Amino acid sequence: MVRLLPRRGQAFAETVESQLVRRAQAGDGDAFRALFNRHVSAVRRFLSDVLREKAAADEATQETFVRAHALLHKLADAGRFRFWLLGIARNVGFEELRRKKGDEPLDDDGEALEAVIPSPDPESLLLDRELEGLFTEALGTLSAPRRAVLSLRLDHGLPYDEIASMMNWSLQQVKNEIHRARLQLRAQLLPHLGGGR
Amino acid sequence: MSRCGRVEQLDALVTGEVSGARADELHRHASSCSVCRHELRWLQSERALFAQRAARDEVDDLWQQLKARTGHTPRKAAVARVLMGVAATVLLVLSAGTRLGSAQRFSYDLSAEAPMSVELMSVDPTFGACFSPGFGLACGPALPASFSLDR
């Protein structure tokens with residue numbers, strides 16, 4: 001008898017999550033709570049990146065999970081829950097931005113930033129709130145779509161093709177926007193990270 | 001921008017999408033290519049900043065806010081059991097052929113630790129009821145459509 005085992009811890013975690021999703025789809029409130037606990041931090045962080053406001057991000061996080069609960073029965077592939085949930089968060093976040101029509105930064109084509117930016121000094125990465133604040137501020141100078149895709153890639157680890165699907169962009173557009181976002185971010189962070197070439 | 005042309009590959013290396021021999025090859029290349037070494041440092045620094053931020057996340061209050069938003073009032077377990085008893089009695093009457101005058105919704109705590117909102121946990125009589133005819137209260141399969149409380 002051959003027993004199939006997950007090859008990696010991640011595969012096992014996905015199996016556990018799939019089970020939680022199926023139980024939640026069957027009406028198990030504890031399972032939905034467990035899914036909430038597993039993903040609420042990531043969802044709120046993503047919405048904080050998009051909306052740049054804690055209160056708005058909290059509200060949007062709640063809305064995301066309310067919608068997720070209402071629509072969970074439509075999720076055919078339980079293994080895609082995280083991607084599906086972030087997709088809802090993305091919609092909620094951008095709906096809120098459209099509603100507010102606030103002073104969002106505009107995109108530039110990033111060409112001016114193509115000049116070589118010196119390397120950071122990893123040893124000078126400060127594990128403190130000041131740098132974290134500067135980092136958050138630097139993220140805020142990006143346009144919402146760029147913040148979103150950068151966050152999805154660097155924070156939530158989504159592959160490029162999934163980001164493209166979520167944003168309804170071409171794969172090349174996703175890569176271009178992430179590249180430009182990185183250049184903008186680096187230009188602002190470099191003075192605080194030390195280093196040189 | 002890496003003029004060496006390996007930015008995407010280095011990005012995949014940092015995210016763990018490349019492993020084994022391919023990852024070793026990229027590391028060897030970066031050790032001898034200043035452009036790639038530069039890019040790798042930035043990629044690693046960016047991910048470290050996101051990871052630090054994630055580590056500080058605090059979301060303890062969001063579940064409570066979600067409940068408040070959906071109008072849930074926490075119930076004590078004893079009250080919930082009484083309500084479940086009432087629900088069981090009503091359904092017993094129904095199974096004996098008696099009909100109720102109006103639709104009713106029941107809500108109950110699954111756990112005193114994690115009460116859900118009325119909207120999220122209300123039992124639609126067409127599915128998911130915790131009643132098994134003849135066996136009293138037990139979570140079981142959905143009720144048949146004929147058990148609907150609607151007139």
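Predicted model only: the values in this text are computed from it and were never measured. Below, read A as the first sequence line, B as the second, and so on, with proteins coming before strands; counting in each chain starts at 1. Heavy-atom basis, side chains included; hydrogens, waters and symmetry copies ignored.
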Flag the one option from A/Asp155, A/Leu150, A/Thr61 with the top tally of heavy-atom pairs under 4.5 Å to chain B.
A/Asp155

Is there a salt bridge (charged side-chain N to carboxylate O under 4.0 Å, His left out) between B/Asp11 and A/Lys175? Walk through the geometry before answering.
CA-CA 11 Å; B/Asp11 183 41; A/Lys175 292 178 179 178; over 6 Å; no

Atom group of A/Leu139 that falls short of 4.5 Å from chain B, counting heavy atoms:
side chain

Does a side-chain N-to-carboxylate-O contact under 4.0 Å join A/Arg153 and B/Glu17?
yes

For A/Asn168, I'd like to know if atom CG has over 12 heavy atoms of other residues, nucleotides or ligands within 6.0 Å.
no

To the nearest 0.5 Å, what is the distance between CZ (A/Phe135) and CD (B/Gln52)?
9.0 Å

Flag the pair A/Phe36 / B/Leu62 as yes when at least one side-chain heavy-atom distance between them is below 4.5 Å, and no otherwise.
yes

Closest-packed option against chain A by number of heavy-atom pairs under 4.5 Å, given B/Ala12, B/Ala55, B/Ala54:
B/Ala54

What's the spacing between B/Trp42 CH2 and A/Leu185 CG if we round to 0.5 Å?
7.5 Å

How long is the span from the CZ atom in B/Arg53 to the CG atom in A/Asp49, to the nearest 0.5 Å?
4.0 Å

Relative to chain A, which segment of B/Leu40 carries a heavy atom at a distance below 4.5 Å: side chain, backbone, both, or neither?
neither

Rounded to the nearest 0.5 Å, how far does CD of B/Glu8 lie from NE2 of A/His179?
10.5 Å

